[in-house]
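Worksheet: one structure, shown below.
Atoms within a ligand are numbered from 1 in the order they appear, just like the ligands themselves.
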Amino acid sequence: MKSVRFIRTARARLSLLVVVFLALTACSKDAPQAVVDKSSAIDTITQKALEDHLAYLADDAREGRMAGEKGHFEAAQYVADRFAELGLEPGGDDGWFQQVPLISYRADQESTTLIAHRDGEDAELTYKEHFTMRGDAVRKQNSVRAEVVYVGFGVHAPELGYSDYDDIDVEGKIVAVFGNAPGTFPHNERAYYSSGRTKAQEAVARGAVGVLGLISKRIEEYYPWERMKAQAGTRPGMAWVTLSGEAADYYPELRGSATINVDVARDLFAGTPITFDEAREATEASKPSSTPLGFEMTLARETKQEIITSPNVVGLVRGTDPELAREYVVFTAHLDHNGIGAAVDGDTIYNGAYDNAMGSSLLIETARAVAASPARRSMLFIALTAEERGLLGSDYYAHYPTVPTDAIVANVNLDMPLFLYSVADIIAFGSEHSSLDTTVAEAIAAEGFALTPDPMPEENLFRRSDQYSFVRKGIPAVYLKPGFTSTDPAIDGRAVQDDHRKHHYHQPSDDLSRPIDWDSVVRFARANARIGYAIANDDARPTWNEGDFFGEMFAK
Ligand SMILES: [Zn+2]
């Protein structure tokens with residue numbers, strides 16, 4: 001109710017502004033537009049405002065901002081209210097909002113079944129103790145029994161001289177597969193081939209009927225089974241719904257999927273042509289070692305689905321150049337987080353202060369600067385929903401943008417920027433693929449930051465946040481994060497960030513008690529605005545580098 005009334009008010013105010021503007025332009029046709037100059041616009045960004053946004057968004061009362069739930073709606077309304085105050089125009093298809101239709105689904109935990117059949121014997125495994133299993137976005141009931149074939153990473157990349165599927169038949173089989181992709185791949189290719197979507201498409205094209213997930217050493221270290229099983233079933237899976245009513249990225253051919261823990265995997269691989277540890281070491285060494293495992297499995301579960309909606313919040317600052325204003329620089333930050341879940345040290349609220357109340361706060365303040373002094377091109381500011389459920393809000397927007405896709409010249413994304421110490425450098429994931437590299441480096445130098453190349457390509461971060469939804473539509477993008485260098489040489493930034501990743505990332509402790517170097521936050525916000533100005537004021541729109549992997553793959 002509140003939001004509906006609010007939108008009407010904003011629209012009324014907007015049409016009033018339009019009338020005033022038309023009246024003004026009518027009497028003084030060639031008068032130069034009065035705009036605040038860029039550097040004083042950047043000075044409108046304040047620490048106080050950033051602190052206020054963060055305090056509201058990461059408050060326990062927002063209940064972890066789960067897409068589709070009350071806390072996220074309140075956060076979305078908060079962002080819309082700030083956009084309105086700052087003088088942005090509503091840029092959604094429902095006022096400030098673009099409502100994203102989602103299927104929210106949960107496996108009925110009682111019904112989850114995983115049985116190994118070997119040498120005439122059946123071993124029934126126990127949910128959470130031995131395996132986790134997610135629901136199905138569409139079917140109420142699933143059951144599949146089939147042979148299990150180990151396929152390494154499940155990657156087929158003949159152009160890189162690598163395939164886990166050479167001489168391996170998976171027609172009608174369940175594929176047992178590790179996450180990620182060979183470490184010997186160039187970074188871009190590794191990011192592309194490590195995606196679950198790429199792997200599912202390959203498996204389905206070869207006739208696979210189910211997926212058994214295996215746990216790598218890295219996952220074991222960063223996400224131990226105790227935590228994985230505590231989280232199992234606590235959050236819904238989600239898929240966005242296409243205009244024709246289909247679940248996006250849904251593979252009906254796959255009738256079952258589960259992840260087994262390392263001990264179970266060791267037992268199941270015993271007596272097969274390869275031990276689990278040999279298999280895991282082969283993937284670490286980027287060597288295909290696929291083999292049929294000689295046993296069958298039954299995977300079954302029932303799922304309850306529900307159709308919900310959750311909004312992207314979209315604000316617009318129109319450009320000043322009559323031609324270039326038809327083009328858009330799109331700033332994004334996901335506003336959702338993981339809601340309420342399993343208790344850790346007595347805390348059940350996953351506040352997501354850094355992930356991504358921080359990025360959302362920076363998004364609002366970037367909008368403040370740009371609204372105070374618009375650039376030649378238009379800029380869109382989007383607080384995205386359901387990133388944590390699989391980049392859903394951004395994927396929906398990229399498929400159904402509120403402006404023409406080819407008018408979007410670049411995406412600048414913020415997700416979990418960490419300011420745990422005084423920051424000296426910025427990593428612009430993905431900038432090396434396009435002309436954005438130079439643009440970003442120059443813009444951030446003005447705020448005293450150095451640009452550092454991706455220091456952890458094994459994490460494949462370029463495809464793990466919302467910018468990848470835009471990249472898949474051929475739009476050059478960067479994903480900005482503070483780097484590992486502190487202005488204080490005594491601080492080992494990599495160790496500090498690594499500690500956050502291990503002990504606070506996606507934990508209830510990612511809350512307002514985390515240390516924050518506010519001076520760095522303000523400089524980062526300023527740098528972000530400068531990046532926007534640099535892209536939006538340039539005569540030419542950003543271009544993919546000649547022969548770039550992502551440019552060739554998605555922009556042709
Ligand atoms: Zn995030």
Side-chain angles (χ1 to χ4, degrees), residues 53-54 57-58 62-69 71-72 75-76 79 100 102 191 194-196 222-223 227 231 235-238 240 310 312-313 330-341 349-364 366 381-398 411-420 426-430 454 456 459-471 477-483 497-498 500-512 514 516 521 524-525 528:
H53 305 324
L54 191 79
L57 298 173
R62 300 292 88 67
E63 299 177 340
R65 306 184 306 280
M66 172 63 79
E69 295 184 6
H72 179 266
V79 174
V100 180
L102 299 164
S194 65
S195 116
Y222 281 79
Y223 202 47
R227 211 191 293 168
Q231 303 292 359
R235 301 191 178 101
M238 290 188 194
W240 62 267
S310 181
N312 288 328
V313 188
V330 175
F331 279 91
T332 49
H334 75 85
L335 185 60
D336 70 302
H337 192 57
N338 282 324
I340 291 175
I349 300 173
Y350 289 68
N351 308 72
Y354 270 118
D355 186 11
N356 187 29
M358 182 60 86
S360 305
S361 304
L362 289 159
L363 180 81
I364 297 170
T366 308
F381 296 86
I382 314 180
L384 294 161
T385 188
E387 189 271 351
E388 302 286 7
R389 311 266 67 73
L391 315 186
L392 304 182
S394 58
D395 204 31
Y396 187 84
Y397 188 87
N411 170 233
V412 181
N413 186 44
L414 300 168
D415 188 359
M416 203 175 94
L418 298 175
F419 304 98
L420 298 162
I426 288 179
I427 306 158
F429 294 95
D454 184 353
M456 39 185 178
E459 289 278 340
N460 301 311
L461 285 173
F462 188 52
R463 70 149 178 82
R464 284 177 49 196
S465 188
D466 290 308
Q467 70 285 340
Y468 198 58
S469 299
F470 292 88
V471 169
V478 279
Y479 166 24
L480 300 174
K481 276 166 109 73
Q497 289 206 26
D498 210 40
H500 182 91
R501 246 170 226 105
K502 267 189 185 159
H503 301 117
H504 305 287
Y505 168 70
H506 285 196
Q507 296 288 305
S509 61
D510 176 13
D511 63 16
L512 293 167
R514 295 294 294 144
I516 297 169
V521 182
F524 188 86
N528 201 42

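Here His337 does not reach the Zn ion (ligand 1): none of its N/O/S atoms is less than 2.8 Å from the metal. Because the distance cut-off is set at 2.8 Å, Asp355 qualifies as a neighbour of the Zn ion (ligand 1) through one of its N, O or S atoms. Coordination check, Asp415 versus the Zn ion (ligand 1): passed, since an N/O/S atom of the residue sits under 2.8 Å.
Between the Zn ion (ligand 1) and the N, O or S atoms of His334, the shortest distance is to NE2.
Cation-pi check for Arg235 over Tyr350 is met; the charged atom lies under 6.0 angstrom from the ring centroid and within 45 degrees of its normal.
The main-chain N or O of Met416 is found under 3.5 Å from a side-chain atom of Lys481 such that the two form a donor-acceptor pair. Under the 3.5 Å distance criterion, the side-chain polar atoms of Asp395 are left unmatched by any main-chain donor or acceptor of Ser469. In this structure, the side chain of Asn413 does not engage the main chain of Tyr479 through any donor-acceptor pair within 3.5 Å.
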